[in-house]
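Right, one structure below, let's go through it.
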Amino acid sequence: MRNVTTKVLTGTLASALLVAASAHADRSEWPSNFTVGTASQGGTYFVYGSGWANLIADELDISGGGEVTGGPTQNLALVHGGDVAFGLTTMGPASDAVKGESPLAPGVPMDNVCALFPMYETPFSIAALSSSGITSISEIPDGAKIGFGPAASTSDTYFPAILEELGVNFERRNGGWNDLGGQLQDGLLDVIAFAAGIPIPAVSQLEVQTDVNIIEFTEEEQAQVIEAFPVADFTIPASTYSTLEEDARAVSMWNFAIAGCDLPEDFVYEVTKVTMENNDKMRNVHRSAETTIPENIVHNKVLPFHPGAARWYEENGHEIDPSLIK
């Protein structure tokens, strides 16, 4: 019995040492530290990015942390230029950067930016007062005053173009969401078009004070927008707002973590492995990480995947189009 036990223990120890050796394989080409480009303090990007950086640092025994930046567009430029190893971005700015249409580097295709993993979705949704009689996008009147959120935000950058694609003519208004909600209630706006996490506090507040219509996309409108923009189909659950009696069709823009394509393959493989195999720890970082799972890699059709990330996905049964691997 003692010999059997000894053999079992010896085998277990050998397996553990093998795993440890694999996890800490030749690091001669690894960076000595890393930085994750996030966004402003207090926002989801900063919390998510800083927490993820700490997880990677702890699990891989390497120094790293989050850095305050200007957000998705700047993160693409920082990663491309090698100023930070990793960053967080959305598919809209990523598409612009790949095509050389980034406002930070016009005419310069950012070809040193690779996808790592999916983070979460930013839904696009529309609200109007019930008294307006607007119940669909096609019913938004010509010249409608529409609030698109803070200037240069994701909502302000992409939602006007989405509505133009759908044939809506409007007057553009900007401001904070609470301010725009007040303007809608006072009749100064006809519609508010949001790109923000749901439930949107401004809409929830409006529901308490007046009757609101949550306007969904038709199947045809949703398909048209998905064809024209780097967005995905999305459903607003009926439980999100008291106004909704059933789920509402919408679109969303995915957020992805990115890496410099020139980072060592083994390093990025281990980073991807830690992230994808510890979703419970990622959810502890931020609850939105419940969608930080490998099945959602399909929502990136813009950036090439880093070879290290692609290797982990393929080893674990997740296929990637070869044309989307750097």
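- N75 and T89 are not linked by any side-chain donor-acceptor pair at a separation below 3.5 angstrom, with hydrogens and angles left out of the test.
- Environment of CD in E171: crowded, with over 12 heavy atoms of neighbouring residues, nucleotides or ligands closer than 6.0 Å.
- Nearest heavy-atom pair, A128 versus I134, reported as atom, atom and distance to 0.1 Å: CB-CB, 4.3 Å.
- Two residues are said to be in side-chain contact when any heavy atoms from C-beta on lie closer than 4.5 Å; F234 and I236 meet this criterion.
- Considering only heavy atoms from C-beta on, M282 comes within 4.5 Å of T275 through its side chain.
- Here the shortest heavy-atom pairing between F34 and A57 reads CZ-N, 4.0 Å.
- Residues P237 and L244 share a closest heavy-atom pair of O-CD1, 3.7 Å.
- More than 12 heavy atoms of other residues, nucleotides or ligands lie within 6.0 Å of CD in E295, so this atom counts as buried by the packing criterion.
- Counting heavy-atom neighbours within 6.0 Å of D321 CG, excluding the residue itself, gives a total above 12.
- Summarising the local packing, CD of E315 is surrounded by more than 12 heavy atoms from other residues, nucleotides or ligands at distances under 6.0 Å.
- Of all the heavy atoms in A202 and N178, the pair that sits closest is CB-OD1, 4.0 Å.
- Nearest heavy atoms, D247 versus T235: CB-CG2, 3.4 Å.
- T35 and E67 form no side-chain donor-acceptor contact under 3.5 Å, judged by distance and modelled atom types alone.
- Within the 4.5 Å cutoff, no side-chain heavy atoms of V251 are placed close to those of D233.
- Under the 30°/60° scheme for interplanar angles, the aromatic rings of W52 and F117 are found to stand perpendicular.
- The side-chain heavy atoms of D142 and F170, taken from C-beta on, include no pair separated by under 4.5 Å.
- Contact check for N296 versus E121: no side-chain heavy atoms found under the 4.5 Å cut-off.
- The residues K326 and D262 are annotated as not salt-bridged, no charged nitrogen and carboxylate oxygen being separated by less than 4.0 angstrom.
- No side-chain heavy atom of V231 sits less than 4.5 Å from a side-chain heavy atom of S252.
- Ring planes of F86 and F267: tilted class, angle from 30 to 60°.
- Proximity of M119 to L88: side-chain heavy atoms (C-beta onward) are separated by under 4.5 Å at one or more points.
- A continuous path of Ile, Leu, Val, Met, Phe, Trp and Tyr side chains, each step under 4.5 Å between heavy atoms, connects I226 with V168, placing both in one hydrophobic cluster.
- For Q209, the CD atom is densely surrounded, since the number of other residues' heavy atoms within 6.0 Å is greater than 12.
- Classified by interplanar angle (parallel below 30°, tilted 30° to 60°, perpendicular above 60°), the ring pair F148/F159 is tilted.
- When only modelled atom types and interatomic distance are considered, N213 and T135 share no side-chain donor-acceptor pair under 3.5 Å.
- Relative ring orientation between Y313 and F305 is described as perpendicular, the plane-to-plane angle rising above 60° on a 0-90° scale split at 30° and 60°.
- Put simply, the side chain of T292 does not reach to within 4.5 Å of the side chain of F256, judged on heavy atoms.
- Side-chain contact, N255 with T122: a donor N or O sits under 3.5 Å from an acceptor N or O.
- Side-chain contact, E270 with W30: no donor N or O sits under 3.5 Å from an acceptor N or O.
- Judged by a 6.0 Å distance limit and a 45° cone about the ring axis, R249 is not positioned over the six-membered ring of F217.
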